[in-house]
Amino acid sequence: MNTLGHSPNAKLDKTILEKFLRLPQPENKIQATYIWIDGTGEYVRAKDRTLTFVPKTPKDYPIWNYDGSSTYQAEGSNSDTFLNPVAVYKDPFRPGANNALVLCDTYKHNKDPTASNHRHTCLEAVERAVDTKPWFGIEQEYTLLDSDLRPFGWPANGFPGPQGPYYCGVGADKVYAREIVEAHYRACLYAGIDIAGTNAEVMPAQWEFQVGPGEGIKCADDLWVARYILHRIAEEYGVIVTFDPKPMTGNWNGSGAHCNFSTVAMREENGIIEIEKAIDKLSKQHLRHIQAYDPKGGKDNVRRLTGHHETSSIHDFSAGVANRGASIRIPRGVAEDKRGYLEDRRPSSNCDPYSVCNALIRTCILDE
């Protein structure tokens with residue numbers, strides 16, 4: 001598209017890199033990309049290092065540091081911020097045998113968690129709730145933009161036709177940039193992420209991928225690394241990924257990160273009773289969850305949770321079977337089987353999944 005001509009990345013010849021990636025790598029060295037969440041609570045950063053040994057577990061990877069004053073996490077006068085490796089994935093961008101993507105927690109100079117390190121708190125909740133075997137599955141919606149920050153494929157002057165034909169659409173007049181989605185899907189599978197599927201969404205240039213189900217903290221870890229991989233792949237095409245929950249004003253759907261949640265009791269026979277108990281608890285903690293479900297304490301979700309475009313109102317709690325306009329949806333199959341899971345439709349697309357999982361565990365399991 002002409003708009004991609006504005007992107008320097010799109011002008012580069014991508015085939016040249018391949019001959020360098022095919023060069024044999026020294027047997028005693030690996031490349032490790034350390035990934036972390038910056039001070040915004042919604043964007044990731046990354047940098048690389050060479051290791052002269054092959055770590056066996058995340059704890060075997062060296063603790064590293066970075067300039068936190070350049071990521072909104074420290075003052076320039078005391079800027080060293082620490083990276084503690086917590087999860088490791090195969091690197092789809094450097095497919096050597098042991099090259100890795102290393103997801104990290106962030107800690108301040110005094111070794112306290114940074115303000116955006118919500119994994120620390122989530123893990124504590126997960127460990128306290130381990131006997132209930134909490135499962136999470138997250139449906140990550142996002143929108144692709146061109147370098148003019150218009151949804152990819154939209155007319156430069158005007159708008160596409162009304163929503164209707166685009167959801168799960170097929171055809172060049174209905175979906176755009178499927179190459180990015182396909183590349184992302186395969187790269188996540190290669191990396192070891194539990195990616196469950198993908199689909200085109202309601203607004204043209206809007207897509208979704210699903211991660212999980214995963215027990216405990218794994219789904220949230222997987223989602224952050226999947227986001228990183230998506231940004232990296234789109235970068236090569238000169239396309240921008242936005243997780244903004246309402247990238248286009250007007251009569252267009254926003255983007256969420258619907259969270260499917262269950263405990264072992266919910267998944268067993270007559271688990272619907274436990275699901276209904278959890279919904280009752282959630283009804284009493286609506287504000288707490290709204291504040292946890294986007295990185296700005298609910299201000300981003302105000303633009304999305306309007307009660308229209310398949311959302312509930314941010315001001316009211318609701319629940320219903322097969323109701324996509326409710327805060328909590330019980331899928332039709334769950335209601336018929338009388339066991340399974342609930343879907344919390346409130347989290348925004350730019351949510352921190354650690355905050356979402358933490359809030360669900362503390363409300364529904366730990367009764368906090």
Side-chain angles (χ1 to χ4, degrees), residues 121-141 194 196-197 208 210-220 222-223 256-294 298 301 304-305 307 310-349 351-368:
T121 303
C122 182
L123 183 60
E124 189 266 339
V126 165
E127 290 173 342
R128 288 174 56 197
V130 66
D131 291 343
T132 66
K133 293 181 168 44
W135 285 8
F136 297 95
I138 298 178
E139 305 167 27
Q140 176 69 72
E141 295 176 336
D194 288 334
E208 174 184 301
Q210 304 90 33
V211 171
E215 186 171 333
I217 208 159
K218 187 178 190 304
C219 181
D222 282 3
L223 185 62
H258 306 153
C259 184
N260 300 295
F261 166 69
S262 70
T263 62
V264 66
M266 295 179 188
R267 299 188 293 269
E268 291 178 341
E269 189 174 355
N270 290 321
I272 191 69
I273 296 172
E274 295 301 319
I275 293 172
E276 290 171 349
K277 287 179 182 178
I279 291 173
D280 182 60
K281 293 176 183 179
L282 289 168
S283 71
K284 298 169 183 174
Q285 296 284 354
H286 181 60
L287 179 59
R288 170 192 190 171
H289 285 258
I290 289 297
Q291 291 172 338
Y293 284 2
D294 78 52
N301 247 341
R304 169 181 160 260
L305 295 180
E310 299 182 86
T311 71
S312 59
S313 168
I314 196 170
H315 304 294
D316 303 308
F317 180 88
S318 57
V321 174
N323 183 359
R324 284 179 163 78
S327 308
I328 305 294
R329 181 178 75 100
I330 299 175
R332 177 71 62 190
V334 171
E336 292 175 353
D337 294 343
K338 300 191 183 311
R339 64 179 180 182
Y341 63 95
L342 61 84
E343 179 192 44
D344 194 331
R345 297 180 58 82
R346 295 171 294 176
S348 68
S349 50
C351 71
D352 184 334
Y354 298 130
S355 294
V356 174
C357 296
N358 177 63
L360 285 166
I361 288 175
R362 292 183 185 274
T363 294
C364 299
I365 300 174
L366 303 181
D367 296 324
E368 293 183 355

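Computed from heavy atoms alone, side chains included, the values below leave out hydrogens, waters and symmetry copies. We number each residue from 1, following the sequence as shown. Bear in mind that the values here come from a model prediction, so they are computed numbers and not experimental data.
Here the closest heavy-atom approach between residue I330 and residue A335 is recorded as CG2-N, 4.1 Å. Nearest heavy-atom pair, I361 versus P134, reported as atom, atom and distance to 0.1 Å: CD1-CG, 4.3 Å. The nearest pair of heavy atoms linking G325 to S318 is O-OG, 4.1 Å. A257 approaches C351 most closely through the heavy-atom pair CB-SG, 3.8 Å.
Partners of H289 by ring-ring contact (aromatic ring centres under 6.0 Å, His included), not counting sequence neighbours, listed by chain and number: Y293. Under the salt bridge (charged side-chain N to carboxylate O under 4.0 Å, His left out) criterion, E343 pairs with R329, R345, sequence neighbours left out. Residues passing the side chain to side chain donor-acceptor pair (under 3.5 Å) test with E268: none are found, sequence neighbours excluded. Applying the side chain to side chain contact (heavy atoms under 4.5 Å, CB included) criterion to T263, with sequence neighbours excluded, gives T132, F261, A265, M266, I365. Residues satisfying the side chain to side chain donor-acceptor pair (under 3.5 Å) criterion with R332, sequence neighbours excluded, are absent altogether. Applying the salt bridge (charged side-chain N to carboxylate O under 4.0 Å, His left out) test to D344 and every residue at least two apart in sequence or in another chain returns R346. Residues passing the side chain to side chain donor-acceptor pair (under 3.5 Å) test with Y354 are D221, sequence neighbours excluded. With sequence neighbours excluded, the residues forming a side chain to side chain donor-acceptor pair (under 3.5 Å) with S262 are R267, listed by chain and number. With sequence neighbours excluded, the residues forming a side chain to side chain contact (heavy atoms under 4.5 Å, CB included) with A196 are Q210, listed by chain and number.
From L360, atom CG reaches atom OG of S355 across 11.0 Å, with rounding to the nearest 0.5 Å. Between atom CG of residue N301 and atom CG of residue D294 there is a gap of 5.0 Å, rounded to the nearest 0.5 Å. Note: S349 OG to H258 NE2 = 9.5 Å, rounded to the nearest 0.5 Å. With rounding to the nearest 0.5 Å, the separation of CG in D316 from OG in S327 is 8.0 Å. To the nearest 0.5 Å, atom CD of residue E139 and atom CD of residue E208 are 5.0 Å apart. Distance check: K338 NZ to E269 CD gives 11.0 Å after rounding to the nearest 0.5 Å.
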Please list every donor-acceptor pair under 3.5 Å in which a side-chain atom of residues 121-129 meets a protein atom from a residue at least two apart or in another chain.
residue: E124; atom: OE1; partner: R362; partner atom: NH2; Å: 2.5
residue: R128; atom: NH1; partner: E368; partner atom: OE2; Å: 2.7
residue: R128; atom: NH2; partner: E368; partner atom: OE2; Å: 3.2

Could you list the donor-acceptor pairs under 3.5 angstrom formed between side-chain atoms of residues 271-282 and any protein atom two or more places apart in sequence or on another chain?
residue: E274; atom: OE2; partner: K277; partner atom: NZ; Å: 3.4
residue: D280; atom: OD2; partner: K284; partner atom: NZ; Å: 3.3
residue: K281; atom: NZ; partner: C364; partner atom: O; Å: 3.2
residue: K281; atom: NZ; partner: D367; partner atom: OD1; Å: 2.7

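Within the 4.5 Å cutoff, the side chain of I138 has no heavy atoms near those of the V356 side chain. Looking at heavy atoms from C-beta onward, F317 lies in side-chain contact with I328 at the 4.5 angstrom threshold.
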Using the side chain to side chain contact (heavy atoms under 4.5 Å, CB included) rule, take D222 and F136 through it: C-alpha gap first, then chi angles, then the decisive distance, then the call. CA-CA 11 Å; D222 282 3; F136 297 95; over 6 Å; no
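E215 places no side-chain N or O within 3.5 Å of a backbone atom of K133 that could act as its donor or acceptor partner.
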